[in-house]
2 protein chains.
Amino acid sequence: MVAEIFRELGYEGATMSLITARTRVSKGSLYHFFPGGKEEMAGEILAHIDEWFAINVYEPLEREAAAAAVARMWGAVDEYFRSGRRICLVGAFALDETRDRFGSVIRGYFRRWIDALEGALVRSGVDAATARRLAEEAVVGIQGGLTVARALKDKTIFSRTLGRLRQRIDAAIAGA
Amino acid sequence: MVAEIFRELGYEGATMSLITARTRVSKGSLYHFFPGGKEEMAGEILAHIDEWFAINVYEPLEREAAAAAVARMWGAVDEYFRSGRRICLVGAFALDETRDRFGSVIRGYFRRWIDALEGALVRSGVDAATARRLAEEAVVGIQGGLTVARALKDKTIFSRTLGRLRQRIDAAIAGA
DNA sequence: GTCTATAAAGCGATAGAC
DNA sequence: GTCTATCGCTTTATAGAC
């Protein structure tokens with residue numbers, strides 16, 4: 001709910017007044033739950049996102065049968081970003097002045113995603129160099145797809161991007 | 001100069017006080033040149049970006065020999081984004097609340113880029129469906145590469161992304 | 001715990017001297 | 001044209017009643 005306000009308007013755009021108005025929770029209560037104020041709220045939202053990706057993306061990629069985990073990733077990503085209607089808050093924070101504030105979380109999000117996908121591809125028989133290249137390409141492509149989809153107000157761009165990346169990775173797994 | 005402040009901190013993060021401090025031009029003078037204030041400044045910066053891309057990217061793609069124009073695009077893009085040290089202000093604006101304010105400029109930037117690249121690929125003999133797919137993939141990939149490069153503070157991600165996209169498009173032109 | 005009222009600071013923008 | 005001083009408003013954050 002609050003996360004959606006940040007996703008829609010960015011860190012600066014999501015003012016406390018707007019958050020109280022939309023959640024119908026007063027500032028007093030908001031500061032009761034988040035004594036650290038806005039920064040703590042955003043921090044917990046980022047932690048929640050990281051937890052979701054850990055459970056639904058990173059851990060399956062790290063632990064489950066590689067091909068199945070990769071297949072599962074596409075579904076999870078498509079679901080999470082609502083097929084392109086939602087942007088990636090971590091990516092958005094990486095581009096503005098919040099970058100420094102949440103730098104380590106932002107770095108961890110992208111690094112772990114790329115590393116986990118690379119690992120799964122290696123385990124499924126793809127050679128190391130190709131796995132690294134494909135993993136980086138996938139995470140980069142997803143971010144770009146979300147950005148351009150929102151810029152053009154055309155969510156089909158994200159779907160097509162996801163489809164292209166999936167096809168390429170599936171081919172590498174099949175050919176391994 | 002001012003553009004760099006916006007690129008670094010985003011629309012909200014680039015406050016007028018900060019702009020006066022860094023440019024050593026007082027607010028009075030700033031408002032003398034930009035009566036419309038901050039919004040006008042950002043608008044002119046976006047217009048300047050659009051002009052640069054029109055001259056160095058779109059028009060060559062639309063007018064020059066297709067293969068040469070595509071080759072030129074990679075150089076122009078790498079130069080403009082300083083090999084990944086600079087982000088795309090248009091992409092950043094697409095993700096925050098400025099999206100609505102500059103919506104048509106943002107849409108125009110991405111649409112014209114994809115369309116121009118698609119056109120050049122078609123003219124160089126690539127079939128229509130493949131050209132559209134490759135053009136979209138390139139612009140999406142560039143945006144994603146810039147985002148992830150900044151998030152991981154690793155500009156080599158952008159270089160590798162550009163290399164991958166270039167290779168794929170060159171192969172399509174060569175095979176056409 | 002939840003609220004209203006308000007403080008303190010920073011914001012974009014303006015006035016007016018020079 | 002450029003500056004300083006300041007306006008009016010919004011921001012984050014707090015105080016204190018209930």
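Sequence lines set the chain letters: A, B, ... in the order given, protein chains first and strands last, and positions in each chain run from 1.
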Query raised in the report: Near DNA chain C, which residues from residues 28-40 of chain A have a heavy atom under 4.0 Å away?
Result: A:Gly28, A:Ser29, A:His32, A:Phe33

Query - Charged tip of B:Arg86 within 45° of B:Tyr80 ring normal and under 6.0 Å - result: yes

Requested in this report: Indicate yes or no: does A:Arg168 engage B:Glu137 in a salt bridge with an N to O separation below 4.0 Å.
Outcome: yes

Query raised in the report: Parallel, tilted or perpendicular: which describes the rings of B:Phe93 and B:Tyr11, with under 30° parallel and over 60° perpendicular?
Result: perpendicular

**Report entry** B:Arg132 and B:Asp115 ion-paired at < 4.0 Å
**Finding:** yes

Query raised in the report: Rounding to a whole Å, what distance do you find between A:Met16:CE and D:dT14:C1'?
Result: 12 Å

Query raised in the report: Axis-to-axis angle across the helix from C:dG1-D:dC18 to C:dC18-D:dG1, five pairs an end, to 10 degrees?
Result: 10°

Query raised in the report: Which heavy atom of A:Val57 sits nearest a heavy atom of A:Ala76, and at what distance?
Result: CG2-CB, 4.1 Å

Query raised in the report: When you list every nucleotide of DNA chain C with an atom under 4.0 Å from a heavy atom of chain B, which one comes first 5' to 3', and which comes last?
Result: C:dC11 to C:dT14

Report task. Is it possible for you to say whether B:Ile157 and A:Tyr109 belong to one hydrophobic cluster, with membership spreading through side-chain heavy-atom contacts below 4.5 Å? Result -> yes

Query raised in the report: Base, sugar-phosphate, or nothing for A:Ser26, non-hydrogen atoms under 4.0 angstrom?
Result: base

Query raised in the report: Would B:Thr98 and B:Arg101 count as having a side-chain donor-acceptor pair, cut-off 3.5 Å?
Result: no

**Report entry** Salt bridge present between A:Glu8 and A:Arg22 (N-O < 4.0 angstrom)
**Finding:** yes

Query raised in the report: Within the distance-only criterion (no hydrogens, no angle test), does the side chain of B:Glu64 pair as donor or acceptor with the backbone N or O of B:Pro60 below 3.5 angstrom?
Result: no

Query raised in the report: Any side-chain donor paired with an acceptor under 3.5 Å for B:Arg107 and B:Ser104?
Result: no

